[in-house]
There are 2 protein chains.
Amino acid sequence: MTKKTSGNVTIVDVAREAGVSYTTVSRVLNNKENVKPETRERVLTAMTRLGYVVDQRARSLAGGHSQVIGLLVHDLGTSYIGLIIRGIEAELAPAQYDLLLYTTHRRKTKESVYVATLTRGLADGLLIVLPRNPGAYLETLRVSNFPYVLIDHRGVSEEISAVTAANWQGGYTATEYLIKLGHRRIGHITGSMDQGCARDRLEGYKAALADHGIPFDPELVQEGDFFQPAGYNGTRALLNLPDPPTAIFAANDVMAFGAMEAIRECNLRIPEDVSVMGFDDIPEASRVHPPLTTIQQPLEEMGRLATRMLLERLRDPAIGPRRVELPTRLIVRQSCQPPGRGNAQAGG
Amino acid sequence: MTKKTSGNVTIVDVAREAGVSYTTVSRVLNNKENVKPETRERVLTAMTRLGYVVDQRARSLAGGHSQVIGLLVHDLGTSYIGLIIRGIEAELAPAQYDLLLYTTHRRKTKESVYVATLTRGLADGLLIVLPRNPGAYLETLRVSNFPYVLIDHRGVSEEISAVTAANWQGGYTATEYLIKLGHRRIGHITGSMDQGCARDRLEGYKAALADHGIPFDPELVQEGDFFQPAGYNGTRALLNLPDPPTAIFAANDVMAFGAMEAIRECNLRIPEDVSVMGFDDIPEASRVHPPLTTIQQPLEEMGRLATRMLLERLRDPAIGPRRVELPTRLIVRQSCQPPGRGNAQAGG
DNA sequence: CTGGTGTGTGCAAACGTTCACAAAACTCTT
DNA sequence: AAGAGTTTTGTGAACGTTTGCACACACCAG
């Protein structure tokens, strides 16, 4: 038993134990070449004998990298974010990185504050999920050349690495599916219009209408914010229209749940009276009644890919920005059907 | 404009700019007494002029505390954990702490590895949510006198700070409610039996049965693990019994969703044919069809309280362990009704 | 004018690493 | 068997902060 049983074991202690200099211990620690296998072995056993654990603070202060990635999200507790984080962690763990979590809970100012501290050594890189007002700090980040990747947001310029889903395509596919079922009046509840993904989905919706010769009716579009009440309120407004839609396409599943709530409260049936289409395919989508037809976003894969891109950039800072759009696909369940059949059934 | 436009601004730069020594800057930074108000002012303006941000790594290396709290959870993406984290962050943010996130994804070995690195300076304290096999490292933590608080788990000894919900009481209340509706055969799908909360809920269930003179039938208890498939499988098994239950009490909402799935697949109705009771009251519970009657756990409050306890302990290490149990309460929705009414309705 | 008691400030040494550079120890050549 | 080249190891100075100690100065009582 060595003298230092309590307190912290440092590389100096390990060096003494192994009979080498602390530099050699550091080399072993960092898997540097040019260490005689026998010496390495001796250091390694000394480490385990002493129960040595590297001090990340010191390492990062001296060496410049902290093995920590910052994650900026606006909220947790949704499977949307859960799936993304699952992907992130899956890539981070084998690379020995830790995850520092910042949630902004929609308080816009907080994001820029976090970014400042993060870039001061606490983290080596940053993953930003669906920022609310990226303009405020993305430029700061870019100028300071701090590595980061955006998830589900295209950012303010082409110079920014980003992983997104094919939102336009998803919006198009969803709308086209409803059109092909026979719907002509299709309501849309948008996401936060300050976010590109929401705008893209709306554009996809418009494009599908246009391609099938259906005139765009602004009355049928309600601005939402990706939260359930917006889906509910938007749907109530749509159903109160003189000529209400026979189908509602919500810009995400959560708002689609709100839509379902509203439709039921109006004593209408899903999908007999009104069809509902979501976006995301979060796990709950298959659990609600009726199971929600929706557009699947590869959330976990988005997290994985963004992380891979970030780590790649960390290894080689020369790598330029990369922008990847992952495909979305239609998941047909039971919340959509051709219009008018509800009445027919009820009447027959 | 000063010379150092790029790179990092240190206290030395600030000191030069303000015409004081770096020690004084450090004093201002830490709000130490004995700094002339005028000097303090001068340092402060120098800081903002230079855009100084403190380097947490250096601060923590020199000073001993990192202003980071580690959070150990086994999975994200459920509102269960989302609510807890919301509570944690609400308390952490004003105290200027950051959150380092570790998810174990049910891989038991990882937890102990994390604990080792965490205690080496990366974090000042640890919050552990519902650990899988705490025995492995809780003892290590206790011995090294590292501050931590358990959430939703009572730990291995009375010496451990923990915040839990009244699980026994919740199990009792849920079961008693079903009994009072008239159910006599009540199935129970347990959580992971290696966790105290799961055992407590089961014990509450048994106690309620006993208090109402209903003999305990082991056939009616299916072991689960808090995940949806377990709810599904357990329910299928229960419904295949020669004398199946008329109500099912799942140890959490997510398994209750699985139960609902299974019941529907057997062409039975909820609650007419089988009543379903959950536990947790996650937001989805009110959204499923029919809305789930469940036992509410004050998850956000549990996160808040645990964090307050941890910060308190950080301020005064002499504080001993505290164990708090927050109350649970029954939320009546529409997934439970008296037994036998389903047939009556169908026949009438 | 001296000696005390504060206050405000500065110096130097930590904290535990990494890294550039230098030195030492090998391995080949010839 | 010596010199060149290569591998291995060690020394010293960072990294940016906190903190113990010492010092300068003002103030007051004697």
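This is a predicted model, so every value here is computed, not measured.
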Integer-rounded Å distance: [N] [atom2] and [X] [atom1]:
X: B:Tyr52; N: D:dG16; atom1: OH; atom2: C1'; result: 7 Å
X: A:Lys36; N: D:dT6; atom1: NZ; atom2: C1'; result: 14 Å
X: A:Arg57; N: D:dA14; atom1: CZ; atom2: P; result: 23 Å
X: B:Glu41; N: C:dG8; atom1: CD; atom2: P; result: 15 Å
X: A:Arg16; N: C:dG16; atom1: CZ; atom2: C1'; result: 14 Å
X: A:Asn34; N: D:dG10; atom1: CG; atom2: C1'; result: 14 Å
X: B:Leu122; N: C:dT17; atom1: CG; atom2: P; result: 12 Å

Query raised in the report: So what does B:Val12 hit on the nucleic acid, given a heavy-atom distance under 4.0 Å: a base, only sugar-phosphate, or nothing?
Result: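 It contacts nothing in the nucleic acid.
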Query raised in the report: Just checking B:Asp55: base, sugar-phosphate only, or nothing, at a heavy-atom cut-off of under 4.0 Å?
Result: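 Sugar-phosphate, backbone atoms only, no base.
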Requested in this report: Salt-bridge test for B:Glu301 and B:Arg86: reply yes if a basic N is under 4.0 Å from a carboxylate O, no otherwise.
Outcome: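 Result for this pair is no, no salt bridge flagged.
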Query raised in the report: Would you call A:Glu312-A:Arg322 a salt bridge at under 4.0 Å N-O?
Result: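 Salt bridge between A:Glu312 and A:Arg322, a charged N being under 4.0 Å from a carboxylate O: yes.
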Report task. Supply the atom-to-atom distance B:Leu44 CG to B:Glu41 CD, rounded to the nearest 0.5 angstrom. Result ->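 Between atom CG of B:Leu44 and atom CD of B:Glu41 there are 6.0 Å.
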Query raised in the report: Roughly how far, to the nearest 0.5 Å, is CG of A:Asp55 from CZ of B:Arg57?
Result: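 Nearest 0.5 Å value for the CZ-CG distance: 12.0 Å.
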Requested in this report: Indicate whether OP1 or OP2 belonging to C:dG10 is found under 4.0 Å from a side-chain N or O atom of B:Ser21.
Outcome: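 Looking at the OP1 and OP2 atoms of C:dG10, one of them is under 4.0 Å from a side-chain N or O of B:Ser21.
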Query raised in the report: For A:Ala162, does its backbone N or O pair with a side-chain atom of A:Arg154 as donor and acceptor, under 3.5 Å?
Result: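 Not a single qualifying donor-acceptor pair exists.
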Report task. Mark yes or no for whether A:Asp316, through its side chain, and A:Ala318, through its backbone, hold a donor-acceptor pair below 3.5 Å. Result ->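 At least one qualifying donor-acceptor pair exists.
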Query raised in the report: The side chain of B:Leu61 lies closest to which of these nucleotides: D:dG10, C:dC15, D:dT17?
Result: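 Output: C:dC15.
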Requested in this report: I would like to know whether A:Asp152 and A:Thr164 meet side-chain hydrogen bond (donor to acceptor under 3.5 Å, both in side chains); could you show each step before the answer?
Outcome: CA-CA 4 Å; A:Asp152 210 3; A:Thr164 52; over 6 Å; no
Report summary line: Letter by letter from the 5' end, nucleotides 18-28 of chain D scores (B base, S sugar-phosphate only, - none; protein heavy atoms under 4.0 Å) BBB--------
